[in-house]
Amino acid sequence: MWDDIKTNWKDLKGKARVQWGKLTDDDLAQAQGNREQLEAAIERRYGVAKKEAQRQVDEWATTIKRFIDGKPRKKAK
């Protein structure tokens with residue numbers, strides 16, 4: 001999954017910005033689709049623990065994977 005995110009990072013960093021509005025352009029440019037760097041930036045900007053940053057990135061990546069695959073997101077009932 002992260003290979004796809006890295007490959008499409010130029011298109012996806014705007015979605016990351018929407019998810020984590022406190023991340024700067026520099027944070028996103030440095031991450032370049034690298035999971036660990038994105039998590040570190042979230043930890044720094046939001047003051048969250050590593051596990052929480054990982055959880056947030058996992059959740060975001062699942063949503064992004066659906067976007068990359070072109071699958072519509074199912075609505076909760």
Side-chain angles (χ1 to χ4, degrees):
M1 175 176 359
W2 278 94
D3 286 340
D4 291 335
I5 291 173
K6 283 182 182 180
T7 301
N8 294 288
W9 186 244
K10 197 177 258 189
D11 297 324
L12 297 176
K13 66 182 173 181
K15 293 189 179 303
R17 170 71 82 151
V18 169
Q19 180 72 28
W20 299 285
K22 290 183 182 179
L23 296 183
T24 66
D25 288 337
D26 286 343
D27 291 333
L28 296 169
Q30 287 176 356
Q32 295 182 1
N34 180 286
R35 179 191 175 97
E36 291 80 18
Q37 288 190 2
L38 180 59
E39 289 170 356
I42 293 165
E43 288 175 55
R44 273 194 316 274
R45 296 288 175 199
Y46 287 88
V48 298
K50 184 173 186 162
K51 289 234 182 236
E52 175 59 19
Q54 289 171 335
R55 186 197 65 74
Q56 289 181 22
V57 169
D58 284 343
E59 187 176 293
W60 179 78
T62 299
T63 302
I64 291 304
K65 181 66 173 151
R66 287 188 196 114
F67 171 79
I68 291 170
D69 290 345
K71 296 177 185 174
R73 191 172 185 183
K74 293 183 181 179
K75 293 182 181 180
K77 292 185 179 180

Ile68 and Ile5, any side-chain heavy atoms less than 4.5 Å apart: yes
Short side-chain to backbone donor-acceptor contact, Tyr46 and Lys22, under 3.5 Å: yes
Under 3.5 Å donor-acceptor, Asn34 side chain and Gln37 backbone: yes
Do you know which two heavy atoms are closest between [X] and [Y], and how far apart they sit?
X	Y	value
Leu12	Trp60	O-CZ2, 4.0 Å
Thr24	Arg17	C-NH2, 3.6 Å
Arg35	Gln54	NH2-O, 3.7 Å
Trp20	Gln56	NE1-OE1, 2.8 Å
Gln32	Lys6	O-CG, 4.1 Å
Glu43	Ala53	CG-CB, 3.7 Å

Carboxylate-amine/guanidinium contact Arg44 Asp27, below 4.0 Å: yes
What is the distance from atom [atom1] of [X] to atom [atom2] of [Y], rounded to the nearest 0.5 Å?
X	Y	atom1	atom2	value
Ile64	Trp9	CD1	CH2	8.5 Å
Leu23	Lys13	CG	NZ	12.5 Å
Asp58	Lys51	CG	NZ	10.5 Å

Check against side chain to side chain contact (heavy atoms under 4.5 Å, CB included), Val57 and Trp2: CA-CA 11 Å; Val57 169; Trp2 278 94; 3.3 Å; yes
Flag if over 12 foreign heavy atoms under 6.0 Å of CD, Glu59: no
